[in-house]
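Reading through the structure tokens given below for one structure.
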Amino acid sequence: MRRGGSARASETRSGWLFVSPVIIVLGLFLVAPIVIAFWVSVSDWNGRGSPLSSGVSFVGADNYRQLLTEDSLTRSDFATSLRNNFYYVLIVVPIQTVLALALALLLNQRRLKGLSFFRTSYYFPSVTSSVAIASVFLFLFAGGGSVNALLGIFGIDGPQWFADPRGVLHIMLGWVGIGGGADGAGPAALTSRDFLGLTWWDWLSGPSVAMLTIIALVIWVSAGGYMLLFLAGLQNISADVYEAASIDGASRWRTMRSITIPLLRPTLFTVLTLGLIGTWQVFDQVYIMSKGNPGKTTLTPAFLSYDQSINNGQWGSGTAMSFVLFGIIIVFTAIQSLVLRDRDASTRGFFGRLRSQPIAAPPQHPTSTTGPTT
Amino acid sequence: MSQTTLTDRHVGAPDPETPKAAPRPHATRTAILKALGYSALTVFALLYLFPFIIQIGTSFKTDSDATANPLNPIPSNFTTAAYQQLFQQDFGLWFTNSVVVALFVTAGRVFFDSLAGYALARLRFRGRGAVTLAIVVTLAVPGVVLLIPKFLIIKQLGMYDTYSGMILPLVADAAGVFIMKNFFESIPVSLEEAAKLDGAGVFRTFWSVVLPVAKPALITITIIAFQSSWNELPHFLVSRASPETNTLTTGVAGLLTGALGAGNRYPLKLAAAVLMTIPVALMFFVFQKRIISGSLEGAVKE
């Protein structure tokens, strides 16, 4: 009986039946965990027994207050992780974006043939396991590794990358006579004041030499992925625009500056935002390569929250860190949707943002390069 | 779904045939630009391929050769000792665990994502809009924030350190649902209507009429699901603990960080990296075009 009046009922039944596995999995392993974790972050659960048992009591915002206002090792560690991640984002996002754009522009040259080989080699790291990539970089940047051997050819004595906690900015400030260099003390004006338990001088360290290796790895891997986004953006620019420019006698450089880059703006925003969101979540590389060492200079909030909960049993502050990180990422997502002014973007998430990326073609050719029109 | 690839679609570029009758100096300039273009591409290709070449070369070296000549990928004494040592450890077990987990996760995602995608695209039922929105919202949750929460729920459900705790949380993903939903929306309804007129039920129609047509999208989902579960690390850090449930990612990560006796044992670590890369690399080279268009799903076609 599937026709007539019962067809509708049957469709409703099948509809719910069809979506139920996905709803159950996402509900159980995505929504419920967030709810439980939020409860843990406002409770005094110490890791023993179930967090839902009766012995666990509500402590309000205590964990958050301790994390952000009370002088403790936890707070200064968290501040350190925020500082480390901040410098990491500050360096990774611009460089990976520029490198991705450069690779895409190189691959978009009409005169050249055999480009798929190059595209494959740039993209390959993106499909490879972070563990495998990290093992290669652990060898490349080892004290007696390939990078130092290469530097040695040019007479440069490379650092012990993974063991070097010196802040790059501290080193550079030392060159111009501010502070005692990386190892010495900072100027009294900066060391006497602190924020979140970390002195102003410590905030100004810059990424450590060890962090640079993780930065190099991530840029190397992710530029290939973002390159694909730029390539798609470039190939969505209508040929007519370029024709008009060449009729007007515009030079290559001029065409690039006045046509290509402006029309790529939507892609650029997408890449920047995905980059911001992704870089605040760095975990794998820290876990595999450094565990936050040396001197806590590669600690990131994602790794610290994991370490604090699972290894130290400080579940309350560990989950509170997760939610503060969540807040940071939400702020960046909000800034992104504000900038893009795409009414869907804020709710559509990662793939949604890819999907909602506007086509960089003039409005009169909205479907010139696209797939099926639905 | 048009599976056009990026290379054969230089829409953004003017017709390459136009400068045919160009004067000589222009031709020289073009040749120079071409040479510059290829050199730049090659420099980057070296930068991207050399680490892999070093990885493979060093995995066939002895420990002392690896540290003595870190820049030379060619072993001075070719040896497969590193690979033999790997299999004396638990590497085989890790590999098996990774295969089992990846197969179940992939099968689950292909089936559940296409079921849900079909329902959201085609079936009219009360609450469809709400379900769609709810799944969309879950896409926005940053994965790394879920680490500790997932640990808590998996413990709570008594699945910690079991295959079910490792597999079940991964068997459905919101992104896959939307890839399937978009695909089903792009195919004509007439096929299903014919099946319905023949009296086929909703599931029959889905299974034997719609799914066979959806092959391109199913392949995309399969690749993404296999690759992401094969490469997954954080989930297996919080869903299991004992050595018997190590996957390749957690096992090799342990190799990299843990103390393994004397020496750095780089060949061993790099051999592990080579072996764990092979399955994904094979898939990448076979389905390359599909992977690239799949990872751009939507960015290319809107």
Side-chain angles (χ1 to χ4, degrees), chain A residues 11-12 14-15 18-19 21-22 25-26 29-30 32-34 36-37 106 109-112 116 118 121-122 127-129 131-132 135-136 139 144-146 149 228 231-232 234-235 237 242-243 281 283-284 288 302 306 309 319 322 326 329 347-349 351-352 354-355 357 369-372 374, chain B residues 2 6-7 9-14 16 34 37 40-41 45 48-49 51 55 67 70-71 112 115-116 119 123 125 131 136 138-140 142 144-145 147-150 152-153 169 171-172 175 177 185-186 202 227 231 233 249 252-253 256 266 269 273 276-277 280 284 296 298-302:
Chain A
E11 225 172 282
T12 299
S14 321
F18 279 27
V19 293
V22 170
V25 169
L26 294 181
F29 298 108
L30 211 132
I34 295 178
I36 295 189
L106 277 174
Q109 295 174 91
R110 59 184 194 273
R111 289 188 190 83
L112 307 186
S116 65
F118 294 104
S121 35
Y122 306 156
V127 296
T128 311
S129 148
V131 180
S135 87
V136 179
F139 178 66
S146 318
L228 284 185
L231 261 181
L234 281 171
Q235 294 179 351
I237 299 177
Y242 284 113
E243 231 164 82
Q281 298 191 55
F283 175 87
D284 288 19
I288 305 161
Y306 164 86
S309 310
T319 45
S322 289
F326 198 173
I329 294 169
T347 51
R348 285 170 89 177
F351 277 85
L354 294 185
R355 214 173 289 121
Q357 185 194 358
T369 63
T370 55
T374 51
Chain B
S2 67
L6 291 164
T7 31
R9 235 170 20 102
H10 279 269
V11 186
K34 235 171 153 173
L41 286 165
Y48 271 88
L49 294 180
Q55 174 193 23
T67 22
L71 256 187
F112 296 139
L115 265 182
L123 304 180
F125 61 95
V131 171
V136 157
T138 65
L139 273 172
V144 88
V145 170
L147 274 186
I148 302 308
K150 268 206 289 197
L152 295 172
I153 195 89
V171 292
V177 172
E185 279 168 350
S186 75
V202 182
Q227 184 231 343
N231 290 344
L233 170 72
T249 49
V252 176
L256 295 177
Y266 287 118
K269 296 170 181 174
M276 75 191 292
T277 309
V280 174
F284 178 67
L296 287 176
V300 187
K301 58 196 187 68
E302 172 85 349

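Note on naming: letters A, B, ... go to the chains in the order of the sequence lines (proteins, then strands), and numbering restarts at 1 for each one. Nothing here was measured: the structure is a model prediction, and the numbers come from that model.
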Interchain contact, A/I329 with chain B, by part (heavy-atom threshold 4.5 Å): side chain
Name the member of A/S146, A/A37, A/A132 that forms the most heavy-atom pairs with chain B at distances under 4.5 Å. A/S146
Can you say whether A/V19 sits under 4.5 Å from chain B via the side chain, the backbone, both, or neither, judging by heavy atoms? both
Please name all residues satisfying ring pair (Phe, Tyr, Trp, His ring centres under 6.0 Å) with B/Y266, sequence neighbours left out, ordered by chain then number. A/F139
Option in B/I153, B/I148, B/T277 with maximal non-hydrogen atom pairs under 4.5 Å from chain A: B/I148
Closest approach of A/V131 to B/M276 (non-hydrogen atoms, all atoms of both residues): CB-CE, 4.1 Å
Under a 4.5 Å cutoff for heavy-atom pairs, which residue among B/L41, B/L49, B/V144 has the most contacts with chain A? B/L41
Between A/I288 and chain B, which part of the residue has a heavy atom less than 4.5 Å away: side chain, backbone, both or neither? both
One should read off an interatomic distance between A/S309 OG and B/L152 CG, to the nearest 0.5 angstrom, of 7.5 Å
For a quick test of reading the model, state the closest non-hydrogen atom pair linking A/G15 to B/F125 and the distance between them. CA-CD2, 3.6 Å
Can you name the closest pair of heavy atoms from B/P70 and A/A149 and give their distance? CG-CB, 3.7 Å
Closest non-hydrogen atom pair between A/F326 and B/P142, with its separation: CE2-CD, 3.4 Å
Please determine, among B/A119, B/P51, B/P169, the option with the most heavy-atom pairs under 4.5 Å with chain A. B/P169
Which answer fits A/T128, side chain, backbone, both or neither, if we ask what part of it has an atom under 4.5 Å from a heavy atom of chain B? both
Does the side chain of A/S129 come within less than 4.5 Å of B/T249's, by heavy atoms? yes
Starting from the C-alpha separation in whole Å, work towards a yes-or-no answer on side chain to side chain contact (heavy atoms under 4.5 Å, CB included) for B/L123 and A/F18. CA-CA 10 Å; B/L123 304 180; A/F18 279 27; 4.0 Å; yes
